[in-house]
Amino acid sequence: MSKLWGGRFTKETNKLVEEQTASISFDQKLANEDIQGSIAHVNMLATTGIITEDEGATITKGLKAVQNKLANGELTFSVEHEDIHMNIEKFLIDEIGPVGGKLHTGRSRNDQVATDMHLYLKNHTEDIIELVKGTQKAILNQASEHIDTILPGYTHLQRAQPISFSHHILTYFWMLQRDKERLQDSLKRVSGSPLGAGALAGTTFPLDRKQVADELGFDYVYPNSIDAVSDRDFILEFMSAASIMMMHISRLAEEMVIWSSQEFQFIELDDSFCTGSSIMPQKKNPDVPELLRAKTGRVYGNLMGLLTVLKGLPLAYNKDMQEDKEGMFDTVETLEGSLMMLAPMIDTMMVKVDNMKQAVSEDYSNATDIADYLVTKGMPFRQSHEVIGKIVLYGIDNNKYLLDLTMEEYKSFSELFEDDIYRVLAPEEVVANRRSYGGTSQSQVKEQLKLAKGLM
């Protein structure tokens, strides 16, 4: 029989079944992790005397030879050998002979594949955390340059209050900070070693699971062998954190699309992150942020897909769990690619300061400050709110903004108005006066920047 597990079978596997159940087309991404785990496993087998030191040295040498061939692109994976584990073992036996068959002593593909995925996700989670930091630095660069830049702040996509552009974009720094912390925390669950759990019940061999865990850089071993092979929570947790992060990226991408439109003209994206139209030569399309919005959907889908696969599964390992890998790989690659594009796009984004200033001078977003002004003069806030509502309606009817109204017009609404109202309504003053902790005033934004940079 050509199968490494074929001793019990009397018929060849149906070719269609072989093609549909084989995972080598995608789990070959785990080749390095599989070899890494195998080297740690064989070192432990030799240390504990389960195999001889000479056998251990021969197998380790063979695995490193296979690893070199992998790096040089000399390996051809076969569907006949189903998955990455059996392919690597076949390469090893071809390299060093029957002694290579001793590698699988005391382990199962169930604990082997779980270990591979822990290693893969551990490495990539650490890489993604660094990419998040790079995106945060790009945000800090823009925020540091635009403390005094003022734009309209929005609620319900309606102009609400003038704010510092620095304050606005720093919002995304804090979103990413939470994303980063979620990933850092998830490493506690990723950093567990399933190897040595066997198929589900452990093994009769005197394995030293802690030795293997230490060599692979894991913090602990799973205390329950069934849990070790059936747990995919660590992947779900990563996918959940990735989904939240992609949601944050999508929100920023949406603002980039809106801000770069002809209607807003608040920013201009660098040409290297835009494309043109095949028919309309004037077009400069924000394709990259649009694509980032769309990619959020596939990350959500991967999370929901795996949740559905795992729902109702009995313990311990089931073939259903083969469906855990493609979504994980796709989420990792999508998130890494998105962050790689996002950081330089933010860094090279041109902020149109004058357009933002003009926008904030041609609206009623300073209305709240009139209400606060009247409150300081002794009027109850609810009454002042009504007065300002009438003033805004008057301005709209007469095509005037609040700074355009005369003192006589203000006095017609309340005798409490004085000449200092014009200073209070200046956009620069509106922003500067919001000095409450976490507010948009320049002084508070500088404190926020200091805090943010301290976290990098």
Side-chain angles (χ1 to χ4, degrees), residues 135-136 138-175 248-271 273-274 284-286 288-290 292-293 342-370 392 395-396 399-404 422-436 438-449 452:
T135 306
Q136 287 181 299
I139 290 172
L140 289 176
N141 290 340
Q142 287 285 6
S144 298
E145 291 181 19
H146 292 286
I147 296 173
D148 295 320
T149 299
I150 300 174
L151 80 161
Y154 291 80
T155 63
H156 308 278
L157 208 55
Q158 303 294 317
R159 292 185 186 179
Q161 294 176 329
I163 57 172
S164 161
F165 177 77
S166 176
H167 188 57
H168 186 104
I169 199 167
L170 277 171
T171 306
Y172 292 101
F173 175 93
W174 298 111
M175 291 182 190
H248 290 152
I249 290 172
S250 180
R251 294 181 73 175
L252 176 54
E254 169 69 0
E255 297 214 287
M256 287 180 163
V257 172
I258 293 173
W259 284 349
S260 61
S261 69
Q262 192 71 23
E263 285 70 24
F264 276 71
Q265 297 189 63
F266 284 176
I267 64 167
E268 182 169 351
L269 297 175
D270 191 82
D271 283 1
F273 294 97
C274 298
K284 180 177 178 179
N285 299 326
V288 172
E290 289 174 352
L292 292 180
R293 283 187 314 196
L342 184 59
M345 186 166 61
I346 294 170
D347 243 340
T348 57
M349 176 179 72
M350 184 180 75
V351 178
K352 296 185 175 182
V353 178
D354 292 340
N355 288 0
M356 289 182 176
K357 184 177 181 180
Q358 182 180 353
V360 85
S361 300
E362 297 178 350
D363 60 23
Y364 298 93
S365 62
N366 47 0
T368 303
D369 291 78
I370 305 182
V392 169
I396 293 171
N399 198 27
K400 288 185 175 184
Y401 296 111
L402 298 178
L403 281 169
D404 299 330
Y422 297 107
R423 176 182 57 79
V424 170
L425 288 177
E428 296 79 8
E429 192 72 14
V430 170
V431 172
N433 280 335
R434 278 166 169 74
R435 301 185 186 92
S436 59
T440 192
S441 70
Q442 289 87 344
S443 60
Q444 281 299 312
V445 168
K446 288 176 183 177
E447 287 298 314
Q448 188 183 165
L449 274 167

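On a predicted model such as this, the values are computed, not experimentally measured, just so you know.
- Between Gln442 atom CD and Arg435 atom CZ the span is 9.0 Å, to the nearest 0.5 Å.
- Considering only residues two or more places apart in sequence or on other chains, Phe273 meets the ring pair (Phe, Tyr, Trp, His ring centres under 6.0 Å) condition with none of them.
- Judged purely by atom type and a 3.5 angstrom limit, Thr440 uses its side chain to pair as donor or acceptor with the backbone of Ser164.
- Glu290 is linked by a salt bridge (Lys or Arg N to Asp or Glu O under 4.0 Å) to nothing, counting only residues two or more places apart in sequence or in another chain.
- For residues 138-148, no pair satisfies salt bridge (Lys or Arg N to Asp or Glu O under 4.0 Å), with sequence neighbours left out.
- Judged by distance alone, the side chain of Glu362 and the main-chain N or O of Ala359 form no donor-acceptor pair under 3.5 Å.
- Taken from CG in Leu269 to CE in Met350, the straight-line distance is 10.0 Å, to the nearest 0.5 Å.
- Summarising the geometry, atom CD1 belonging to Ile346 is positioned 8.0 Å from atom CD belonging to Gln142; distances are rounded to the nearest 0.5 Å.
- Minimum heavy-atom separation, Met356 to Phe266: CE-O, 3.4 Å.
- Smallest separation of non-hydrogen atoms from Val360 and Pro427: CG1-CB, 3.8 Å.
- Within the 4.5 Å cutoff, no side-chain heavy atoms of Gln448 are placed close to those of Phe173.
- Two residues are said to be in side-chain contact when any heavy atoms from C-beta on lie closer than 4.5 Å; Thr135 and Ile249 fail this criterion.
- When every heavy atom of Gln444 is checked against every heavy atom of Gly438, the shortest pair comes out as OE1-N, 3.1 Å.
- Every residue two or more places apart in sequence or in another chain that forms a side chain to side chain donor-acceptor pair (under 3.5 Å) with Ser443 is listed here: Ser441.
- The number of heavy-atom neighbours closer than 6.0 Å to NZ of Lys357, taken from other residues, nucleotides and ligands shown, is 12 or below.
- Proximity of Tyr401 to Asn366: side-chain heavy atoms (C-beta onward) are nowhere separated by under 4.5 Å.
- Minimum interatomic distance between Pro289 and Ala253 (heavy atoms only, all atoms of both residues): O-CB, 3.2 Å.
- In terms of the salt bridge (Lys or Arg N to Asp or Glu O under 4.0 Å) criterion, Asp404 has no residue partners (sequence neighbours excluded).
- Ile370 pairs by the side-chain contact (heavy atoms from CB on, under 4.5 Å) definition with Ile388, Leu402, Tyr410, Phe417, Ile421, Leu425, not counting sequence neighbours.
- Annotation: salt bridge (Lys or Arg N to Asp or Glu O under 4.0 Å) contacts of Lys284 (sequence neighbours excluded): Glu268, Asp271.
- Applying the salt bridge (Lys or Arg N to Asp or Glu O under 4.0 Å) test to residues at least two apart or on different chains, the pairs with a partner in residues 159-170 are Arg159-Asp363.
- Within the 4.5 Å cutoff, no side-chain heavy atoms of Asp354 are placed close to those of Gln265.
- For Ala426, the side-chain contact (heavy atoms from CB on, under 4.5 Å) partners at least two apart in sequence or on another chain are Glu428, Glu429.
- Taking all atoms of both residues into account, the shortest heavy-atom contact from Tyr422 to Leu403 is O-CD2, 3.6 Å.
- For Ala143, the side-chain contact (heavy atoms from CB on, under 4.5 Å) partners at least two apart in sequence or on another chain are Ser166, Ile169, Leu170, Leu449.
- The side-chain heavy atoms of Leu292 and Met345, taken from C-beta on, include a pair separated by under 4.5 Å.
- Heavy atoms of other residues, nucleotides or ligands lying less than 6.0 angstrom from NZ of Lys446 number 12 at most.
- Not counting sequence neighbours, the partners of His146 by the ring pair (Phe, Tyr, Trp, His ring centres under 6.0 Å) test are Phe165.
- In Arg251, the CZ atom is not crowded: 12 or fewer heavy atoms of neighbouring residues, nucleotides or ligands sit closer than 6.0 Å.
- To the nearest 0.5 Å, the span separating CG on Leu252 from CH2 on Trp259 amounts to 7.0 Å.
- Thr368 pairs by the side chain to side chain donor-acceptor pair (under 3.5 Å) definition with Gln161, not counting sequence neighbours.
- For the pair Leu151 and Ile163, the minimum side-chain heavy-atom distance is below 4.5 Å.
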